[in-house]
Peer 1: 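The structure under discussion is supplied below as structure tokens; questions concerning it will follow.
All values below were derived from every heavy atom in this structure, side-chain atoms included, with hydrogens, water molecules and symmetry-related copies excluded. Quick note on labels: first sequence line is chain A, next is B, and so on, each numbered from 1.
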Amino acid sequence: MTTRPALLLRALAGLIVLVLLWSLFAGLPRDLFGQGWRQAEATRQWSFPRDHGSHPEYRTEWWYFTGNLADSEGKRYGYQLTFFRYGLALEAQDPSSSWSVRDVYLAHFAITDASRGGFHWRDRASRKGPGLAGAATGTMDIHVLNWSARMKDDGRITLKAAQDGMELDLNLTPAKPPVLHGRQGLSRKGPRPGQASHYYSFTDLTARGTLRVPGMKDPVAVKGTSWFDQEFGSNQLSQEQAGWDWFALHLSDGRDLMIYYLRRKDGTFERESSGTLVERDGTSRHLALGDIETEVLSHWKSAKTAGRYPAAWRIRVPAAAIDVTVRPLVADQELVTTASTGITYWEGAVDGRGTSGEKEVSAEGYVELTGYAGSLGGKF
Amino acid sequence: MSMTSTIIRTHDLWKQYETEGHDGMALRGVDLDIGKGQIVVLFGKSGSGKTTLLNLLAGLDEPTRGRIEIDNGDLGTLGEKGRTLLRRHKLGFVFQFFNLLPTLTAEENVLLSLELAGRPDEGLARESLELVGLAGKERRFPHELSGGEQQRVAIARALVKRPPIILADEPTGNLDSATGAQILALLTGRCREAGTTLIMVSHALNTCEYADRVLRMTDGRIFEEISCEGLAP
Amino acid sequence: MRSVIRSFLRYLARRKSLSILQLLGIALGVAAAVGMMLASRSALESLGSAVDFLKGGTTHTIARPAGPMEETVLAGIMRDPAVRYFAPVIDRKVRLTGGQQIRMLGLDPFLDRNVRSITARIGASAGDGRTGEAFSSFLFDPGAVLVDENMARGLNLSAGSAIATLQGPLNVVHVFSNPSGEPLMIIDVGHAQKFFRMRGYVDRADLVVTDEEAFRQRWATGFTIESNTQKARNLSALLGAFKLNLEALSLFALFVGIFLIYNTAMFAVVSRRRDAGIFLAIGASRGQVAGAFLVEVLILGVAGGALGGVLGYFLSKFLVEIVGGTISTLYFFLRPSALPWSSWNLAGGVFLGSAASIVGSLPPLLELRRVRPVHVLRGRTATRGTSKRMRTIALFGTACLALALVLFGLSFLHAYVGFAGAFAFLLGASFFAGFVIIVATPGMKRLFSRVMGLAGRIAIGNIRENLGRTSVAVAAFMIALSMSIGLGSMIDSFRRSLVWWMDSQLRGDLYISTKADVNVPEELYEELKTVPGIGGIDVFRNVPITFRGRPASITSIDASVLERYDRFGWLEGGDGSWERVKRGDVIVSESFSRRFKVGTGSRITIETARGPAELLVAGVYYDYASEHGVVMMDRSVYLRLFRDRTINSLGIFIDEGNQDRAKIIEEVKRRARSFGLPFATREEFHGRILDIFDSTFAVTRSMRVLAVIVAFFGIAGALMTLFVERQKEFGVYRALGFTTGDVARMTVAESLGLGLISFLMSAVVGTVFALILIKVINLQSFNWTIFYHFTARPYVVTGLTALAASLAACAYPVWSVVRKYPVMQIREE
């Protein structure tokens, strides 16, 4: 896929991710200088648009955009654009130098080209430097080099990203207000205190814009639906956890479903795994582990990494009369960062059908599967 | 004059001096007629042109004027290659200063002659040395042989290829009289046996004994003599 | 033909010492050429690989035309659609307290990994916690550096070591592998800004550009954009003249080697005359005889060539160090590694040896055609040498000299033409060796008679008698000595010119921070302006640029200060030009003027931070700072055009009559010290420049030595041959009543005679050669004028060399005489 230097070149990014995730999951509540990051321990007061911005007192934060799009001919696409902020120090050592490191900003960008069966992805990292990357506080304005996500005064979000023949230029308009997950936005990841994050989503955004994949001469106009997650915390994955499965689905009757399974190494799910159901009118309710039944219908084995991923699911939420079956649009939507770190995950566009409240519905969305090609918990 | 056929003939041969300090002619109209099998001695003071004549006969030099015929072949019409072949097959040379190649053994020196003639034959070379009385000394280098022995090797070298003509330049000039006499006897004896024409340039009076004809060279001209009497050594 | 060949080859075996001597001579000639060529090639390959290694995947670089680039430019580059990847780079030299200068790159590992494998590979050894620690030290510790394995090995460093530098201490956190030879340190770009006091700036950005044209269109104004091919070409161009001269030196060495083979072949022909006569007489053809000679010469040539190939390889290792050192001192860092042994060296040596054999033995083989068995067989082995012959040779010589003159006239076409002319000159001069011997003989006879009696007179007579051989030996020796004198004279003249130039242009009483890459902060300049008693402070800045596609540089100075205190040497214009410089015009160096054909009144266009600017040339001055040419302008103009306030060094001038001179200098020194800046007095500064100059000619000096050694073998060979052949005469000498001592003295006298004649001839030829080097070669290669200045030293040194070589050459023959003479007799043969 890439030339040899390019493969080599990914090594350092891998190292960075390694270092960051090592700290993230192996759990240093302290930064490199022994100072304390704020933990996600109690519920907080949310205020928008301020909380669309960055929360630098927490170590880790990300802005996660995924979406399903189609062009005028009906060709289907999926995209993922993620911005991470990872704090290395609570304060920059040398504030007078623009290069002094406080946070590291990472970004992933992927496009699924369903009609051609293609999957393209790129990643990058940078420090803030002289205007190279950054996340503003008080409003959503993040960029890593020339990939950016910005919220305008009217609440619309512009996404821009381009690299090596991949291009994305979208305007997103929220169709529902922000949804807080867990308890008042405090989403638990494990039994111990601090094993949590603050997490909310725009579960339903109307997307419109242009997109290009390598091989296309010109960008093509697309529209569809998107999902946005913002999560921040200083939490940790315990040693016993292997990874997680995350689902974000739009149902054609206007409902949105988010499910978050944390998998333990022994094969069971973490008790704190949970989900959120959002109704057409924007109201939401928390789903506990027991409220959801998920059946894996088939698997897909990656030739590259030998990871065996679930590849079709039947998801039921009896209490909400939801029964849908979804499948990936393209089998291989695996992101292999590098061989050296083994951080490999599957993030892809899915669709399917089922019933919701007795009516036939179609479903589309994104699924993220981590820890199937080498467990994350065991690595560290 | 013997009744045999002519093997060497020159006609009005002239040669200009080429070295510094000499003007005029080394040879002035030399006419020669030498028959097959004859043994001829050429007397003359040093500088009288004897060596010049030998060199011309051997094709090593070219006359200023005149014609030379060797075995019915006009030397003037032969090119350098032709003359080279002449020296290979038809002429044998014996020099005053032995002129053996110092880095070759006696045997190799003799063999050289045969190699050039195109019939290398080590047995023949050894036999040739035997015939001149040097059996057992084939592997000696020239500096390991006495003066007389060296001259014998030279004679063997000249004889081994059975040339019709042998030219000898002062063959005994460097030897004591006893050895010289031996050499003369050997050389002339072999030539008579083989019917080889021999032309000797010499100072030594005793050479006349072995010769059929005596020629005297003075100031570039040739005069026929009856005997060596009255000839200055 | 076998016997002919056998007969000749046995001579080789018999005269072992002579054969070995000849073999060695050829071997050394070939070794010199091979060694030089290998050293040259490895330097260039190292250059290529160093450039490749550092450039990684970048396609272009962008920088301001002069001075550093504001970091705010990066955000703009980031947004340009034609840029695939970009990475900021700070590229400076760090001076260690040990005096060594090491290159340090300030990089951003996040961005740099996309363009360069060095940074990528550093992360590749992930998986252990230690690398993670190293990485965080790198980002957070302002003194953290990565060092490459060469530097680590050289200075005995490992992770955790500390390095002391003039700009502050550094800590090694990691050692990385580096295929190019250059010692390298890597530091985070932010820390580099602090270390080099350049906050807010970077030196350049390395780019991967996908649409060059579009990018250039958007960015060309005010920036210099260079593609990698341009860069490689520039680096190569920087070395242009240097490379050329290296090539010339190796060709000279080969030339002397060929001469030696000519020598050898000539001896062979001449000493085998008699044998040739015999062969011809008994019926061998000239072709066969010539073939046998050729075989003999070829055997020596091939064997000598093979040996030379091996020796040359070892020599190249030595030379590579010197070449690398010189390039590093003068141009940019390069530490070429010697090429690994390859059997091509052997093959090349054999080829050179054989080719040289054939070329060198052509004239002697032609000589063979004239062998007269007639004369030879009568025992005349020596040739007196007819005057007719000498006249023909002299004619050849004159023709060569005429050719040389023509070539000099055309030398402006290309440097190679000048070199060819120099060759033609030496060749032509060598033809006169015989003539010189003939002419010098009477005088030499008288001299040697006086000094060494009868033995001496006979010795000179022998030289004259054996003209065929002695003229060749003298020619070879003379050429080597002439080269020695010529090169020595040229170097001395150059040095003198350099001193004159320094005295005229570098007249400051104190210089602050003349060492490269240590800049002077503007605060010190402002501070010094307040020190009473200073007559003037020259603010010096030199920056490399590309002008009309070739390397050149711009120097910014304070025109009023230089006008007052310096006495520039002017080719065009004069001290009056300073007024115009103050008002915005420029002056250019002689190299610049010749190279680009500009003079007073010309207009030149230079790329500046604000686009192209047209400048008027007000004068042309003599300069040796750079052979690529300098454009000099006043600082006000420089600041206006380039907005670069960097100060490379300061020159402090104090009025002549000032009583407090010493105190003022002390005060300035104190202030410089407080800023941690190095300084040098005028003497020290000039001395340093001269040191650099001296080290530059290290290569030339080595080749000089080599040439003389090679020619020594020529003389030794000649003596040996003469000696070996005349052993018969020794019998006669002994019979006549000469003692061993007499004959030994005779041998020594012959050697000294040859040496003296060679030296006297070389004194003339060498002087002319020096003039050629100065007026033609140097001028064409470097475009500057060197003033010829006579010094006695090259002549004295060369004379002593000639003496020593002559004495050494006769050592073996004398020893042989002493051993064998007492038992020599007259021999028949």
Peer 1: Verify the distance criterion only: is there a donor paired with an acceptor across the side chains of C:Glu71 and A:Trp99 at less than 3.5 Å?
Peer 2: yes

Peer 1: For C:Asp80, is it the side chain, the backbone, both, or neither that has a heavy atom closer than 4.5 Å to a heavy atom of chain A?
Peer 2: neither

Peer 1: Just so I know, are the side chains of A:Gln80 and A:Leu335 near enough to count as touching, which here means a heavy-atom distance under 4.5 Å?
Peer 2: yes

Peer 1: Apply salt bridge (Lys or Arg N to Asp or Glu O under 4.0 Å) to C:Asp644 and list each qualifying residue two or more places apart in sequence or on a separate chain.
Peer 2: C:Arg541

Peer 1: Indicate yes or no for a side-chain donor-acceptor contact from A:Ser234 to the backbone of A:Arg38 under 3.5 Å, with no hydrogens or angles considered.
Peer 2: yes

Peer 1: Counting neighbours of CZ on A:Arg150 that are heavy atoms of other residues, nucleotides or ligands and sit closer than 6.0 Å, is the number greater than 12?
Peer 2: yes

Peer 1: Given heavy-atom pairs under 4.5 angstrom as the criterion, report whether the side chain, backbone, both or neither of A:Ser100 touches chain C.
Peer 2: neither

Peer 1: Is there side-chain contact between A:Lys128 and A:Tyr105, with heavy atoms separated by less than 4.5 Å?
Peer 2: yes

Peer 1: Quick check: under 4.5 Å, non-hydrogen atoms only, which of residues 210-220 of chain C neighbour chain A?
Peer 2: none

Peer 1: Look at the rings of A:His108 and A:Tyr345 and say which category their plane angle falls in: under 30° parallel, 30 to 60° tilted, over 60° perpendicular.
Peer 2: parallel

Peer 1: Identify which part of C:Gln193 has an atom lying under 4.5 Å from any heavy atom of chain A, answering side chain, backbone, both or neither.
Peer 2: side chain

Peer 1: Does a salt bridge link A:Asp94 with C:Lys194, judged by any charged N lying under 4.0 Å from a carboxylate O?
Peer 2: no

Peer 1: Quick check on C:Pro88 against chain A: is it the side chain, the backbone, both or neither that has a heavy atom closer than 4.5 Å?
Peer 2: side chain

